[in-house]
Each structure stands twice: as structure tokens, then as C-alpha cells.
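Down below is the structure, laid out as C-alpha cells.
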Amino acid sequence: MGRILVISLALALSTYGIAAHRGANLVKLDRYTVIMSAIWGGLELIAALVGYAAGRWVEAGRIPAEQNRFWVHVLAGVLMAAVGVRMLMHALQKKTLLEHRMETVDIKTDTVLSLRLCAQALFLGISCGLLQLPISILLFCVFGFSAIFAGIGYVSGRANGALFTDQATGIGGALLCVLGIVLQIA
């Protein structure tokens with residue numbers, strides 16, 4: 001359960017970072033903010049589910065059980081660490097915030113941004129499938145955390161600007177790197 005919480009939190013922190021960046025441009029918060037937050041959570045949920053299915057398919061191979069567990073942990077840890085490193089690189093990149101005010105959330109543009117994050121959810125879903133983590137808890141946590149953190153990101157970005165976007169993404173990436181390393185040791 002702890003692994004699922006860390007993975008879901010890391011995904012949600014990345015979602016928060018992008019949503020806060022977008023929220024910094026919002027003039028007002030309205031019902032579209034809630035709709036877009038649900039879309040963020042839903043798309044990450046679908047990507048994690050597809051990844052989970054792929055991970056279970058790979059894990060169901062015909063490798064003997066002892067060897068299988070070792071390589072499953074190695075592959076899952078490498079995938080988590082790779083996503084974590086990508087998030088850290090994104091957090092350290094120099095970004096500019098354009099002063100382009102939006103009356104309301106741009107559903108089309110923000111959905112495209114959400115789809116970019118789905119690759120992370122896909123790879124983390126594969127890791128969870130390989131590790132045979134409980135799917136019901138995974139899906140609940142991924143959707144819940146992503147939707148809530150997207151909403152918080154819009155509100156926070158509207159109130160504080162893009163102040164904490166890089167820190168949130170960096171913390172999420174560090175969590176995944178640590179979890180990937182722990183899987184290699186355990």
C-alpha cells in the first residue's frame with residue numbers, strides 16, 4: 001500500500017506543477033476548473049490502467065518464479081527511477097511564464113498537457129502491474145490524487161503564480177527515484 005501511495009503522490013505532484021503553471025494565467029476559477037481537474041485524473045487513471053495490464057502481461061511470462069521476482073523488481077525499479085529522473089530534469093529546466101491571461105480554463109490545451117503526463121502514468125502503471133500491487137487501490141489513488149492535486153494546482157497557481165511548480169515536480173521525481181532504488185535493494 002505504501003508503494004501505491006508514493007507512486008500516486010509522485011504523479012499527483014507532477015500534475016500539480018503543470019496545473020499550477022496554468023492556473024497562474026487564470027483570471028477566475030469556475031466550474032471548468034473542476035471539470036478539467038476530473039479530466040486530469042481520468043486520463044491518468046486510464047493510462048495507469050493500461051500500464052497495469054501491460055505489466056501483468058509481461059509478468060505472466062514463463063520465467064521460473066525465483067528469477068522472475070528478481071527481474072520484475074529490477075524492471076519495475078528502473079521504470080520508476082527513469083520516470084523520476086525525467087521529472088527531476090523537467091523541474092530543473094529553465095521555464096518562462098508568459099503573461100497570457102485566460103478568462104477560464106482552456107479545456108483543449110489543458111487536456112493536451114494532461115496527455116503528456118499520461119506517459120508517466122503508463123510507465124508507473126507497468127511497474128505496479130509487474131509488482132502485482134492491488135489494482136483497486138492503485139486506480140482509486142491515481143484518480144483521486146491527480147484530480148485533487150490538479151484542482152489545488154489551479155487554485156494555488158491563481159493565488160501564488162507559478163511559485164511552487166518546479167519544487168512539486170522535483171519532489172515527485174525524487175520520491176520515484178528513491179522508490180526505484182529501494183526496489184533494487186529489497
Side-chain angles (χ1 to χ4, degrees), residues 1-21 36-61 68-93 110-153 164-186:
M1 173 104 166
R3 292 176 187 168
I4 292 174
L5 291 175
V6 170
I7 290 167
S8 300
L9 181 62
L11 270 174
L13 286 169
S14 185
T15 301
Y16 168 86
I18 293 177
H21 200 272
M36 192 59 228
S37 296
I39 290 172
W40 285 83
L43 289 175
E44 286 197 17
L45 172 74
I46 292 167
L49 182 60
V50 169
Y52 188 88
R56 294 291 293 160
W57 180 74
V58 168
E59 195 273 332
N68 192 19
R69 286 285 89 196
F70 172 76
W71 288 110
V72 161
H73 276 111
V74 168
L75 182 57
V78 167
L79 284 173
M80 284 183 202
V83 172
V85 167
R86 173 64 185 113
M87 288 171 65
L88 286 170
M89 288 172 38
H90 183 359
L92 296 174
Q93 285 177 342
D110 287 10
T111 300
V112 171
L113 287 172
S114 178
L115 287 172
R116 288 179 39 204
L117 284 179
C118 286
Q120 294 175 352
L122 177 74
F123 289 126
L124 294 175
I126 291 170
S127 294
C128 292
L130 288 170
L131 296 171
Q132 298 179 1
L133 299 177
I135 190 169
S136 57
I137 297 170
L138 173 72
L139 298 179
F140 176 75
C141 288
V142 166
F143 176 78
F145 281 8
S146 292
I148 290 169
F149 275 66
I152 291 171
F164 302 113
T165 58
D166 291 337
Q167 292 89 340
T169 304
I171 290 170
L175 285 172
L176 287 175
C177 287
V178 167
L179 185 57
I181 292 168
V182 166
L183 278 175
Q184 302 307 315
I185 296 170

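- For the pair I39 and L43, the minimum side-chain heavy-atom distance is below 4.5 Å.
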Requested in this report: Take L138 and L133 through the side-chain contact (heavy atoms from CB on, under 4.5 Å) test and state the conclusion after the steps.
Outcome: CA-CA 7 Å; L138 173 72; L133 299 177; 5.7 Å; no

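- To the nearest 0.5 angstrom, R86 atom CZ is 5.5 Å from M89 atom CE.
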Requested in this report: Could you go through the side-chain contact (heavy atoms from CB on, under 4.5 Å) check for F149 and L9 one step at a time?
Outcome: CA-CA 9 Å; F149 275 66; L9 181 62; 3.8 Å; yes

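- Atoms CG and CG, on L75 and L183 in that order, are 10.5 Å from each other to the nearest 0.5 Å.
- In this structure the side chain of I152 reaches within 4.5 angstrom of the side chain of Y16, judged on heavy atoms.
- Side-chain contact between L117 and W40 is present, with at least one heavy-atom pair separated by less than 4.5 Å.
- With values rounded to the nearest 0.5 angstrom, L179 atom CG is found 4.5 Å from M80 atom CE.
- Here the closest non-hydrogen pair linking A91 and G170 is CB-N, 3.5 Å.
- Here side chain to side chain donor-acceptor pair (under 3.5 Å) pairs that include residues 131-147, with residues two or more places apart or in two chains, are E44-S146, E59-Q132.
- With rounding to the nearest 0.5 Å, the separation of CG in L49 from CD1 in I135 is 5.0 Å.
- Of all the heavy atoms in C177 and A81, the pair that sits closest is SG-O, 3.8 Å.
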Please table the atom pairs, donor to acceptor, closer than 3.5 Å between any side-chain atom in residues 119-127 and protein atoms at least two apart or in another chain.
residue : atom : partner : partner atom : Å
Q120    : OE1  : S14     : OG           : 3.3
S127    : OG   : A76     : O            : 3.2
S127    : OG   : F123    : O            : 3.3

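- The NE2 atom of H90 sits 7.5 Å away from the CG atom of D166 when rounded to the nearest 0.5 Å.
- Here the closest heavy-atom approach between residue C141 and residue S8 is recorded as CB-OG, 3.2 Å.
- By the 4.5 Å heavy-atom criterion applied to side chains, L131 and V72 are counted as neighbours.
- Between L11 and L176 there is no side-chain heavy-atom pair separated by less than 4.5 Å.
- In this structure, CG on L13 lies 9.5 Å from CZ on F145, to the nearest 0.5 angstrom.
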